[in-house]
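These notes are about the structure you will find just below.
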Amino acid sequence: MKNREVARILYEVASLLELEDVPFKPRAYQRAARSVEACSTPVEELAEGDRLRELPDVGKAIGEKIQEIVRTGSLRYHQELKAKLPVDLFELTRVQGVGAKTAKQLYEALGVRNLLDLERAAKEGRIREVPGMGAKTERRILKGLAEARGTDRRELLWYAMTAMELLRRALEDSGLFAQLSAAGSLRRGVETVGDLDLLGVSERPEKASRFFACLPEVEEVLMQGPKRTSVKLAGGLQVDLRIVPASSYGAALQYFTGSKAHNIRLRERAGARGMKLNEYALTDAEDRVVAGKDEEGVYRELGLLWIPPELREDQGEIQAAERHELPQLVERSEIVGDLHVHTDWSDGTADLESMTEAARVEGLAYIAVTDHFRFSTTVGGVNTDELLRQVDAIGELNESSAGVRVLAGIEANIQRNGDLDVPARVLRRLDIVIASVHSHFRLSSAEMTRRLERVMDNELVDVLGHPTGRLIGERPPYDADWDEVFYRAAKTGTALEVNANPQRLDLGAPLVRRALEAGARLMLGSDAHATDHIRFLEIGVRTARRGWAEAKHVLNTLPVDALLATRKRGGRE
DNA sequence: GCCGTTTTCGGCCCGACTGTTTTCAGTCG
């Protein structure tokens, strides 16, 4: 039973309790559900070790209920509640504009139990007959249904950032905004983004908001007011623009950056200190403004250090900020090399020289060329001869060009048994060896764990490439006991890649954090297959930051000689 | 039902916008 499924049951219990007008319990279940959802360790594992109470917002009662779910696959309490309202609330409330109350009303009036019933009722025009609802509600539900069906598609961080950049530039050029910033999950660097949040300060909010709604990229205006405007872009991405007074900019930026869980904690903290926090200001008991112009002030007046957006997930960052123990998160400027670059020797689109030049433009001191090795099923890899010729070509390039130092490397394939497909005598000629799984994805967890452990025991392997193999929104990570893998990585001195390809971001943030806790080191690789892909490093850094990584944890913050010296086989011969 | 700078009882985030209805409940973020 996956964490998400356990969370789903808890969420539904929350909704059902809310409908029974039970006070406060719904929120308790909601928080526990969020906590389960956010936890990177499988709850089954926690249940086994009787460690469920370690989860924030899970106490005795809910802990026992999670035990029951893990043991039996369902929850009696949930079934009992559901007997009174046999409705798929989880599904129904995913439709925009339908909450628990509406779902209940629709069930009582029309017998709507699930999305199919809802669609039928809407199409037959029965929803407008329900007291308190009208034609607009019905239309809204029909639209919400179409969107819920069209999957809850989230945009990959990189492409969301690109879209945001375009909008921001257009708004800035209008001259209507004194200040403008991205907020929301994009500012936190979350790997996928549901919608774009923009925050602005404007002297003429009505005009600014109209200007925004009329941008050519906008396909549909969802709502428009002087303080908040929501639109949908041609690509389907929703964008919310909030306009606040300059004196509230910091409070608003804090508020709209989230996460929701982080904000709730902050507001509680404010309350506990006799203050109140909203998107306009932090105020004291007499309603006097204590902070609001900038984020630092808001955190400071709550007794906290300013918390980098990437950490704002209610995963211990508030406690760390209180104790002045926040990590010194790694910065993009500290990444001095890219250790995972492909060229047209394998499946890249650019030649050696162009990739090197692109690295120079990005301000890097070195790159490692790590083309694919030709593997029976991999098209476009280099074979042994080609690889050795490439080593020579790289040698010549290094002689002729001062500037970016190029390391010779390979992205070798890990065979089913944990051996590499490149002969050891060839690997010894290389500066950097990345080992990646490109086949046999569906082994048992035990077999995959052994396979990865075995390859890391190999002293010629410097880096485990895209360790979990996931493709966001497309392919789940393969099964392995990640804590075992991370422990072995630490023990053998094998770096774990944070692959910065937008669809990979692998390791992902929660696993980065676990890897660091196990004592492992990271390597940031762009996995560039074209010159402009080196810029992906930016989101690799964001991901590492979300996993609490500091520069000292990341191999390629080191100058090249120091980097080579950290290899298991030592520095240069 | 959870939690603790109001600490084992008594609190529990808050505001904008919409739709349908005349004063607000529901939803969302």
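Here is the naming used below: chain letters follow the sequence lines, and residue numbers restart at 1 for every chain.
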Q: Sugar-phosphate means primed atoms, P, OP1 and OP2; the rest is base. With that split, encode nucleotides 14-23 of chain B 5' to 3' as B, S or - using protein heavy atoms under 4.0 Å.
A: BSSSSSS---
Q) Which of the following nucleotides, B/dC2, B/dC13, B/dG26, is nearest to the side chain of A/Glu268? A) B/dC13
Q.
Quick check on A/Asp173: does its CG atom have over 12 non-hydrogen neighbours (other residues, nucleotides or ligands) under 6.0 Å away?
A. yes
Q: Please state whether the phosphate of B/dG11, meaning OP1 or OP2, lies under 4.0 angstrom from any side-chain nitrogen or oxygen of A/Arg27.
A: no
Q.
Let me spell it out: for each of A/Glu18 and A/Glu322, pick the nucleotide of DNA chain B with the closest heavy atom. Which residue's pick is nearer the 5' end?
A. A/Glu322
Q | Set of residues satisfying side chain to side chain donor-acceptor pair (under 3.5 Å) with respect to A/Gln30, sequence neighbours excluded | A | none
Q: Taking atom P in both B/dT21 and B/dC14, compute the distance separating them and give it to the nearest angstrom.
A: 31 Å
Q: Between B/dT22 and B/dG26, how far apart are the P atoms? Round to whole Å, please.
A: 13 Å
Q. Between B/dC3 atom P and A/Ile264 atom CD1, what is the distance in whole Å?
A. 14 Å
Q: Give the nucleotide from the list B/dC13, B/dT27, B/dG1 with an atom nearest to the side chain of A/Thr102.
A: B/dT27
**Q.** Nearest-Å distance once atom C1' is located in both B/dC28 and B/dC13
**A.** 14 Å
Q: Can you tell me, in whole Å, how much space there is between the P of B/dT8 and that of B/dC3?
A: 16 Å
**Q.** Phosphate OP1/OP2 of B/dG4 contacted by A/Gln319 side-chain N/O (<4.0 Å)
**A.** no
Q | Modelled atom types, side-chain donor and acceptor of A/Asp240 and A/Ser230, under 3.5 Å | A | yes
Q: Decide yes or no on side-chain contact (heavy atoms from CB on, under 4.5 Å) for A/Tyr299 and A/Leu302, but give the supporting numbers first.
A: CA-CA 5 Å; A/Tyr299 283 98; A/Leu302 290 171; 5.6 Å; no
Q. Looking for any heavy atom pair under 4.0 Å, which part of the strands does A/Ala272 touch: base, sugar-phosphate only, or nothing?
A. base
Q | Interatomic distance at P, B/dT6 relative to B/dC12, whole Å | A | 12 Å
Q | Whether over 12 other heavy atoms sit under 6.0 Å from A/Glu296 CD | A | yes
Q | Distance between P atoms of B/dC9 and B/dG15 (Å, rounded) | A | 32 Å
Q) With rounding to whole Å, what would you report as the distance between B/dA16 and B/dG11 at their P atoms? A) 27 Å
Q. How close or far is atom P of B/dC2 from atom CZ of A/Arg34, stated in whole angstroms?
A. 15 Å
Q: Can you figure out which of B/dG26, B/dG1, B/dC13 approaches the side chain of A/Lys101 most closely?
A: B/dG26
Q) If you measure only the distance, is there a donor-acceptor pair under 3.5 Å linking the side chains of A/Asp481 and A/Ser445? A) no
Q | Atom C1', compared across B/dT20 and B/dA25: separation rounded to whole Å | A | 10 Å
Q: Scan A/Gly271 against the nucleic acid and name what it touches under 4.0 Å (heavy atoms): base, sugar-phosphate only, or nothing.
A: base
Q: For A/Leu106 and B/dG26, give me the distance from atom CG to atom P, rounded to whole Å.
A: 13 Å
Q | Rounded distance (Å) that lies between atom P of B/dT27 and atom CG of A/Asp195 | A | 19 Å
Q: Can you see which heavy atom on A/Pro308 is nearest to which on A/Arg312, and at what distance?
A: O-CG, 3.6 Å
Q: Using Watson-Crick or G-U wobble geometry with both distances below 3.5 Å, tell me the partner of B/dT8, or none.
A: none
Q. Of A/Gln105 and A/Arg242, whose nearest nucleotide on DNA chain B comes first from the 5' end?
A. A/Gln105
**Q.** Gap between atoms NZ and C1', on A/Lys232 and B/dC28 respectively (whole Å)
**A.** 14 Å
Q) Rounded to whole angstrom units, what separation is found between the CD atom of A/Glu64 and the C1' atom of B/dG1? A) 12 Å
Q. Picking from A/Gln315, A/Glu317, A/Arg267, what satisfies side chain to side chain donor-acceptor pair (under 3.5 Å) with A/His262?
A. A/Glu317
Q) Within 45 degrees of the axis of the six-membered ring of A/Tyr249 and under 6.0 Å from its centre: does A/Lys293 put its NZ or CZ there? A) no
Q: Take atom CG of A/Asp314 and atom P of B/dC13, then tell me their distance rounded to the nearest Å.
A: 13 Å
